[in-house]
Amino acid sequence: MKRNFLHLYGVLGLGLLGGCASPQSDEITAPGGGHTIRFELHDGRPTYCVLRDGDSLIGRSALGFELSDGLLADDFRVTKIRHRSYDDSWVQLWGEDSLVRNRCNEMTVALEQRSENRRRLEIVFRAYDDGVALRYRFPEQQPDSVVILDELTEFALPAGSRGWSIPWDTGAYEGIYKLKPLASTETLAVPVTVQTPDNLYLALHEAALTDYASLNLRCDSTGRLHSFLTPWKSGVKVYARAPFPTPWRTMIIAEKPGDLLLSRMMLNLNEPCRIADAEEWIRPGRYIGIWWGMHLKHYTWHESPNHGATTENTKRYIDFAAAHNIDGVLAEGWNKDWYSWKFDFCRSASDFDLEEVARYAAEKGVMFISHHETDGDFETYERQLDSAFALCQKHGIRFVKTGYCGGVFRNGERHGSQFGVRHYRKVIETAARYRVMIDNHEPVMPTGLQRTYPNLMTQEGVRGQEWDAWSSDGGNPPSHTTVVPFTRGLAGPMDFTPGTFDFTNEKHPGTRVRTTLAKQLALSVVLYSPWQMASDMIENYENHPAFAFLSACPASWGETVVPEAEIGSYVTIARRERGSADWYVGSITNEEPHDLQLDLSFLAPGARYRATLYEDGPEADYRTNPYPVTIREEIVTADSILPLHLAPGGGAAIRIVKL
Ligand code: NOJ
Ligand code: CA
């Protein structure tokens with residue numbers, strides 16, 4: 001670890017330390033070398049920069065706050081700098097791999113303002129091998145009230161950097177990530193993924209968002225990114241009382257796009273699991289649901305002659321799940337008052353018998369997944385929260401999908417505001433008390449909280465496949481799924497809901513799923529979710545040979561590798577099933593065809609495997625004929641190379657079973 005701050009001061013021409021006992025700058029380097037994050041106090045103003053192999057990666061960037069009672073960004077002196085190192089490992093209850101190594105160097109800089117009020121602030125820096133992070137800590141002090149008008153953290157990225165981003169106020173983050181020069185981008189939601197002119201990849205995000213506002217970025221004409229936090233309606237960003245820490249500001253640093261997907265820094269920056277008996281009732285799985293039928297207008301959510309969630313229809317789905325190795329069945333529209341778009345979470349629709357459905361599901365060994373659509377009416381929901389989850393517990397229902405529609409609650413507060421962050425946390429904590437897992441739609445952007453609350457299984461916060469049912473722009477472009485793993489996907493599991501087998505859409509002409517069928521299979525591996533949906537109506541799966549892949553494909557992984565990836569073009573991911581020697585591969589492309597030579601060196605050396613390949617068949621093309629799938633078997637080893645051809649908008653899925 002280098003600590004040449006006196007030399008640094010000479011280089012920067014900042015003069016002597018002025019009799020100050022503590023250094024005014026310091027730095028830490030990642031345990032494996034490579035990148036360094038450096039703190040410097042300039043004329044009393046805290047700043048940081050990031051170096052990569054000695055060269056500037058993030059130039060000098062401001063730190064601090066504008067508070068309601070003054071600036072907390074200048075007039076500082078350093079009172080103390082502490083260093084620590086960590087190297088430990090922990091096991092994920094579920095995830096993309098089982099063992100996570102937490103290896104980093106840490107530096108905490110304690111600051112005090114010189115002026116009368118002597119406000120104190122600490123800044124904690126961490127350098128991991130896969131990136132750097134920093135957070136603020138407001139130590140105990142008087143007055144303890146902190147009203148944040150603005151967080152001033154900057155990110156001075158290299159000139160000419162480009163980034164994949166969506167604007168900060170994209171409703172529920174359901175937008176298409178676009179690649180643009182940062183300097184031409186006005187606002188960005190995080191995560192934002194940046195490619196520097198030197199072809200390094202940086203993903204900026206936040207970790208451990210707790211009782212604070214979510215982070216967004218604003219870009220100035222030079223390409224410098226400035227933080228701005230999602231405000232309350234009042235314009236204030238955060239109301240807090242010291243002591244408290246802010247979320248971490250995180251920067252994954254990778255030489256290859258695929259390495260972004262292997263970073264576990266965000267999880268390392270979250271607190272360990274707080275649910276004592278988590279292992280007893282939290283588990284990943286695959287699910288089907290009475291869902292796509294409503295988006296296609298084949299069924300209604302509300303009670304009608306075409307009501308989807310009837311007792312009878314839900315039992316039909318449960319039977320299908322039991323017969324095809326599917327763990328869960330979701331039924332949206334099971335509860336009262338959908339017609340008036342007011343919701344009651346404790347009363348069933350008149351043609352839906354909750355007790356009987358829950359009993360039947362348990363008898364068949366299938367998890368019934370309940371649904372709480374709130375339409376942003378948090379007041380009704382919070383009023384019913386305990387009784388709604390108690391009802392689940394009474395019937396042995398262990399999983400609820402929640403939803404909020406749009407990006408703003410009915411009282412006008414935004415999902416990403418401190419208000420929203422508090423609401424979502426309350427739901428997760430209440431659900432945990434009643435031993436219920438959550439799949440949250442229209443969330444605040446995830447920040448790794450699933451490590452602390454592993455009942456927060458999966459979330460939307462992405463322009464998912466529902467848009468392919470009704471979006472007036474025709475649906476998601478084929479490139480979308482080659483981008484989201486590297487943007488929204490870095491924030492945590494995505495309930496994207498792939499699985500279309502029937503590409504017709506009579507009620508919305510001009511809109512449809514724009515992939516081949518083989519790509520739909522591959523998405524189950526590529527897009528990580530610990531509860532992964534097979535989203536089509538079951539009649540489209542009956543007797544279809546390709547459904548064997550979805551039937552077999554797990555949602556729980558012991559190991560993940562990324563053989564090849566180019567953001568926006570193609571990505572291939574291989575995952576080993578948790579507790580097994582079997583592997584599953586998903587490979588997808590954008591609107592262009594793609595050929596690859598898949599190197600199977602990730603398999604165990606010396607072992608033989610049977611690979612079942614599901615590939616785009618002759619003439620497959622997402623525009624003209626999405627259906628052809630060729631299914632074939634091959635014996636493979638770690639020395640094998642599989643040539644794969646992906647059609648336009650296509651993909652390939654492979655199940656590799658150890659013999
Ligand atoms: C939006 C959710 O994303 C979708 O999955 C759900 O079906 C509808 N809201 C209705 O609750
Ligand atoms: Ca949605």
Side-chain angles (χ1 to χ4, degrees), residues 166 169-176 189 287-304 306-309 313-314 317 328-345 349 352 369-378 380-381 388 399-410 414-416 420 424 427 438-446 457-473 475-476 480 484 488 491 493-500 505 507-508 511 513 527 529 531-537:
I166 52 171
D169 55 353
T170 306
Y173 312 104
E174 296 185 21
I176 302 285
Y287 74 105
I288 53 173
I290 300 173
W291 179 78
W292 185 238
M294 276 87 88
H295 286 269
L296 289 187
K297 295 195 176 155
H298 180 83
Y299 294 132
T300 63
W301 273 280
H302 60 266
E303 292 171 49
S304 78
N306 296 328
H307 186 206
N313 203 22
T314 311
Y317 270 70
V329 169
L330 164 74
E332 292 196 1
W334 70 272
N335 57 332
K336 271 279 179 215
D337 294 344
W338 273 81
Y339 197 76
S340 54
W341 208 238
K342 290 195 205 106
F343 302 96
D344 188 320
F345 307 102
F352 186 89
I369 304 174
S370 185
H371 184 227
H372 294 166
E373 174 56 67
T374 68
D375 189 36
D377 181 1
F378 74 95
T380 305
Y381 195 36
F399 195 176
V400 171
K401 172 177 169 180
T402 51
Y404 293 85
C405 278
V408 180
F409 296 101
R410 285 203 188 160
R414 292 175 180 276
H415 289 185
Y424 292 118
V427 174
I438 294 292
D439 165 9
N440 183 27
H441 277 226
E442 295 86 27
V444 56
M445 183 59 78
M457 304 302 292
T458 187
Q459 304 200 68
E460 197 189 31
V462 64
R463 189 175 138 136
Q465 202 147 293
E466 65 181 22
W467 286 72
D468 297 333
W470 38 253
S471 178
S472 58
D473 61 9
N476 295 325
H480 183 53
V484 291
R488 159 64 182 86
M494 274 184 294
D495 191 32
F496 190 90
T497 65
T500 297
N505 189 354
K507 303 276 173 43
H508 306 91
T511 299
V513 174
L527 303 174
S529 178
W531 274 89
Q532 184 71 280
M533 190 175 204
S535 54
D536 211 333
M537 293 185 290

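Both counts, for ligands and for their atoms, begin at 1 and track the order of listing.
Considering every non-hydrogen atom in both His372 and Ala388, the closest pair reads CE1-CB, 3.9 Å. Of all non-hydrogen atoms in Gln465 and Thr500, the two that sit nearest each other are NE2-OG1, 2.9 Å.
Using the six-membered ring where Trp is involved, Trp338 and Trp341 have ring planes that are perpendicular, over 60° apart on the 30 and 60° scheme.
Of the possible polar contacts, none joining the Arg488 side chain to the Met445 backbone as a donor-acceptor pair under 3.5 Å is found. The backbone N or O of Trp301 sits less than 3.5 Å from a side-chain atom of His307, completing a donor-acceptor pair. Although no hydrogens or angles enter the test, the distance criterion places no donor-acceptor pair under 3.5 Å between the side chain of Asp495 and the main chain of Thr458. With Asn306 contributing its side chain and Thr300 its backbone, the two residues share no donor-acceptor pair below 3.5 Å. A donor-acceptor pair under 3.5 Å is absent between the side-chain atoms of Asn440 and the main chain of Gln459, judged by distance alone. Between the side chain of Ser535 and the main chain of Pro498, a donor-acceptor pair closer than 3.5 Å is present. Glu442 places a side-chain N or O within donor-acceptor distance of the main-chain N or O of Cys405, the cut-off being under 3.5 Å.
Annotation: Glu442 places an N or O atom under 3.5 Å from an N or O atom of ligand 1; distance criterion only. For ligand 1, the polar-atom distance check finds an N/O of Glu460 within less than 3.5 Å of one of the ligand's N/O atoms.
The protein heavy atom nearest to atom 7 (O) of ligand 1 is Glu332 OE1, 2.6 Å. At the shortest separation from atom 3 (O) of ligand 1 among protein heavy atoms lies His441 ND1, 2.6 Å. For atom 11 (O) of ligand 1, the nearest non-hydrogen atom of the protein is Glu373 OE1, 2.5 Å. Among protein heavy atoms, the minimum distance from atom 5 (O) of ligand 1 is reached at Lys401 NZ, 2.7 Å. For atom 4 (C) of ligand 1, the closest heavy atom belonging to the protein is Glu466 OE1, 3.0 Å.
Ion pair Asp377/Arg410 flagged as a salt bridge, since at least one NZ, NE, NH1 or NH2 atom sits closer than 4.0 Å to an Asp/Glu carboxylate oxygen.
Set against the non-hydrogen atoms of Trp338, the atoms of ligand 1 under 4.0 Å away are 11 (O). Remark: ligand 1 atoms within the under-4.0 Å shell around heavy atoms of His371 are 11 (O). Atoms of ligand 1 lying under 4.0 Å from at least one heavy atom of Trp291, given by number and element, are 4 (C), 5 (O), 6 (C), 7 (O).
Heavy-atom distances between His295 and ligand 1 reach below 4.0 Å in at least one pair.
The only option from Tyr404, Tyr424, Tyr173 that meets the side chain to side chain donor-acceptor pair (under 3.5 Å) definition with His415 turns out to be Tyr424.
Contacts of Phe343 with ligand 1, taken as heavy-atom pairs under 4.0 Å, are absent altogether.
Near the Ca ion (ligand 2), less than 3.0 Å away, sit the protein N, O or S atoms Glu174 OE2, Glu442 OE2, Glu460 OE1, Glu460 OE2, Glu466 OE2.
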